[in-house]
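These notes are about the structure you will find just below.
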Number of protein chains: 2
Amino acid sequence: MTKIQGARERARGEITTAIKDEARRQLAAHGAAKLSLRAVARELGMVSSALYRYFPNRDDLLTALITDSYDALGAAAEAALAHSAEQGDAHLARWQAVCRAVRGWALDHPHEYALIYGSPVPGYAAPETTTGPAARAALTLITIAADAYAAGALRVPGATEDRCAGPGAGFPAASAGPGPDPSVPLPAAPAPVLVDTRDLTERLDVALPAAAMAQLAAVWAQLFGLLSFELFGQFDGVIAARDEFFDHAVVGLARTAGLV
Amino acid sequence: MTKIQGARERARGEITTAIKDEARRQLAAHGAAKLSLRAVARELGMVSSALYRYFPNRDDLLTALITDSYDALGAAAEAALAHSAEQGDAHLARWQAVCRAVRGWALDHPHEYALIYGSPVPGYAAPETTTGPAARAALTLITIAADAYAAGALRVPGATEDRCAGPGAGFPAASAGPGPDPSVPLPAAPAPVLVDTRDLTERLDVALPAAAMAQLAAVWAQLFGLLSFELFGQFDGVIAARDEFFDHAVVGLARTAGLV
DNA sequence: ACTAAAACAAGAGCAGTGCTCTCGTTCTTG
DNA sequence: CAAGAACGAGAGCACTGCTCTTGTTTTAGT
């Protein structure tokens with residue numbers, strides 16, 4: 001009972017990737033909304049109906065492209081983190097490296113970025129299978145924060161006694177000056193949010209206080225606000241120095257995340 | 001030579017708004033990508049070709065909807081600011097009111113939000129006419145920051161000597177504690193960014209340092225990262241307490257903007 | 001008040017789309 | 001080797017955005 005199902009399955013795999021490749025090409029050329037099954041089939045030298053043997057409908061082809069995009073973004077983020085970590089970069093430098101990698105991938109694949117972080121296609125709802133790859137990129141920043149927390153280099157909101165509540169060496173508490181210094185004791189997220197983020201830390205199995213995870217969730221979303229504004233033309237005629245603007249904003253995000 | 005061009009022009013205006021209303025209805029029902037000129041015409045009891053007398057093509061109808069959406073969002077933000085200001089709210093409270101109003105509008109009109117802040121339609125480029133209404137909502141937060149700056153209640157990045165460089169009463173400088181307190185002297189944006197934002201302050205005619213405007217631009221984009229994540233389903237299964245999460249993130253944004 | 005010109009609604013038509021069904025053919029497997 | 005599944009090809013349906021033509025209505029100039 002050799003499970004080697006030979007030429008047919010192999011051909012099916014090849015044709016499936018060929019379809020996705022051509023679809024990605026059309027995506028980059030004409031955008032997601034104009035992605036046409038017929039055009040993909042025409043370009044591949046097959047008839048449109050034959051394509052339905054591989055993808056039951058257009059939305060399923062889009063789903064495949066979406067999961068692939070999430071995976072590609074996650075891989076880029078993980079590669080950046082690995083490279084930065086093996087160079088012995090500090091936490092902030094790793095954070096910047098990952099953010100730059102995410103932006104780099106987005107700039108290189110604007111249509112795929114729009115596919116996963118832009119407006120969802122109308123009737124289409126992303127299936128459960130996309131949540132895993134979607135979390136992959138976010139997990140890189142989360143692990144950086146968790147590493148910083150373990151090293152005692154993460155400011156955790158709401159921690160008043162010991163501002164740096166990591167299990168490692170304590171962070172020296174700054175004696176408050178005479179004036180109001182609103183930035184020192186960061187306000188913690190309200191309780192319902194902490195419930196959500198505590199659940200999140202357990203599901204992701206990361207050693208991080210719920211308050212820190214709440215900051216990370218907000219920062220993660222805000223990062224894509226920057227990217228979407230840049231990619232969707234909202235900064236046109238407003239910000240010209242895109243690289244510098246992004247880098248500066250990223251250290252601000254690191255600050256709100258509690259990173260040094 | 002009375003310029004009263006009577007019934008015809010009036011009818012044209014009425015039909016134009018009727019078309020846009022029906023298009024908005026279809027937008028909310030089936031999404032932007034499925035907006036069909038034929039369906040709009042059918043619902044209005046006219047033939048599809050007659051619609052082209054009012055909008056030369058589908059994209060121009062979309063453009064009209066986009067400008068209307070920007071205007072509606074801007075009006076909502078301005079109304080919230082006016083209402084908050086006449087109640088004598090502090091700067092932070094006004095900031096929260098405007099952000100809540102923006103989110104409220106977005107939640108009430110998700111498809112219109114996706115139209116203006118989601119992925120752009122493929123071949124379509126927003127014309128110049130959209131930049132004005134697009135800036136309207138942003139201007140409300142900018143004026144709040146400018147008011148705070150005038151009142152000496154805005155932390156300006158890079159201002160080391162007098163941390164609060166407003167023309168009003170000085171902000172008491174906190175004596176730095178023994179430990180590193182990274183949050184007190186906020187790093188200013190790099191020079192090329194400041195060039196952009198200085199130009200922006202001049203064009204918008206607001207009395208605000210370039211460094212503060214750079215923070216505002218980043219914060220403005222980040223605000224829509226939060227909204228897009230919520231509206232586009234990126235928070236599904238992650239954050240359940242949406243209101244509290246948003247409110248908490250908004251005060252964080254106010255902090256990075258320098259608001260108290 | 002009459003006429004030329006502009007604006008208009010309607011219909012037919014074109015090229016394209018997603019998707020379904022049927023028809024032979026080819027490959028896999030018991 | 002034969003039953004059955006998978007496959008490519010084609011026709012066809014209902015729909016789309018858009019163009020062109022036709023005849024009617026309203027406006028504007030004399």
Side-chain angles (χ1 to χ4, degrees), chain A residues 1-20 22-23 25-27 29-66 115 120-125, chain B residues 1-20 22-23 25-27 29-66 115 120-125:
Chain A
M1 201 208 228
T2 58
K3 278 282 182 181
I4 300 174
Q5 303 178 352
R8 192 146 223 172
E9 270 206 358
R10 197 165 47 84
R12 182 175 182 88
E14 288 176 2
I15 293 181
T16 303
T17 63
I19 290 172
K20 289 199 291 185
E22 177 58 34
R25 210 170 299 131
Q26 292 212 6
L27 204 73
H30 313 106
K34 287 214 191 304
L35 197 156
S36 150
L37 283 189
R38 286 183 117 107
V40 170
R42 197 185 311 129
E43 211 70 19
L44 258 55
M46 54 198 325
V47 87
S48 73
S49 59
L51 228 151
Y52 285 81
R53 303 272 177 193
Y54 299 90
F55 294 96
N57 52 41
R58 201 191 96 129
D59 284 359
D60 281 335
L61 174 55
L62 271 180
T63 301
L65 296 181
I66 286 174
L115 200 60
V121 304
Y124 170 83
Chain B
M1 201 211 232
T2 58
K3 278 283 182 178
I4 301 175
Q5 303 178 352
R8 191 146 223 171
E9 272 206 357
R10 198 165 48 84
R12 183 176 180 84
E14 287 176 2
I15 293 181
T16 303
T17 63
I19 291 173
K20 289 200 290 187
E22 178 57 35
R25 210 168 300 131
Q26 293 214 4
L27 204 73
H30 312 107
K34 286 213 190 306
L35 197 155
S36 148
L37 283 189
R38 286 184 119 108
V40 169
R42 196 185 311 128
E43 210 70 18
L44 259 54
M46 54 200 322
V47 87
S48 73
S49 59
L51 229 152
Y52 286 82
R53 302 268 173 193
Y54 300 89
F55 294 96
N57 51 43
R58 200 190 98 132
D59 283 1
D60 281 334
L61 174 56
L62 271 180
T63 300
L65 296 181
I66 287 174
L115 201 59
V121 303
Y124 169 82

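Rounding to the nearest 0.5 Å gives a distance of 8.0 Å between CZ of Arg38(B) and CZ of Arg42(B). Here Met46(A) contributes atom CE and Glu22(A) contributes atom CD; the two are 11.5 Å apart, rounded to the nearest 0.5 Å. Annotation: the span from Asp60(B) atom CG to Thr63(B) atom OG1 amounts to 5.5 Å, rounded to 0.5 Å.
Taking 4.5 Å as the limit, some side-chain heavy atom of Phe55(A) sits within range of a side-chain heavy atom of Lys20(A). Annotation: side chain of Leu35(A) is not in contact with side chain of His30(A) (no heavy-atom distance under 4.5 Å).
The CD-P distance, from Glu43(B) to dT16(D), rounds to 11 Å in whole Å. Distance, Leu35(A) CG to dG16(C) P: 17 Å, rounded to whole Å. With rounding to whole Å, Lys34(A) atom NZ is found 14 Å from dA15(C) atom C1'. Rounded to a whole Å, the CG atom of Asn57(B) is 14 Å from the P atom of dC20(D). Rounded to an integer number of Å, the gap from CZ of Arg53(B) to P of dG23(D) is 15 Å. Per the geometry, CG belonging to Leu51(B) stands 13 Å off P belonging to dT16(D), to the nearest Å. For Leu37(B) and dG17(D), the CG to P distance is 5 Å, given to the nearest whole Å. Atom-to-atom, CG of Asp59(A) to P of dT17(C) comes out at 17 Å; the value is rounded to the nearest Å.
Within 4.0 Å (heavy atoms only), Phe55(A) reaches no atom of the nucleic acid at all. In this structure, Ile15(B) reaches the sugar-phosphate backbone alone: every heavy-atom distance under 4.0 Å involves primed, P, OP1 or OP2 atoms, never a base.
Of the candidate nucleotides dG8(D), dG11(C), dA9(C), dG8(D) has the atom nearest to the side chain of Ala50(A). Taking every side-chain heavy atom of Tyr54(B) into account, dC8(C) is the closest of dG11(C), dT16(D), dC8(C). Of the candidate nucleotides dC7(D), dC19(C), dT16(D), dC7(D) has the atom nearest to the side chain of Arg12(A).
DNA chain C is contacted by both Ser49(A) and Ala39(A); Ala39(A) maps to the nucleotide lying nearer its 5′ end (nearest heavy atom per residue). Mapped onto DNA chain C by nearest heavy atom, Arg38(A) and Val47(B) fall at different nucleotides, with Val47(B) at the one closer to the 5' end.
Phosphate proximity of dA6(D) to Tyr52(A): absent, as no side-chain N or O sits under 4.0 Å from OP1 or OP2. For dT17(C), one of the phosphate oxygens OP1 or OP2 lies less than 4.0 angstrom from a side-chain nitrogen or oxygen of Ser36(A).
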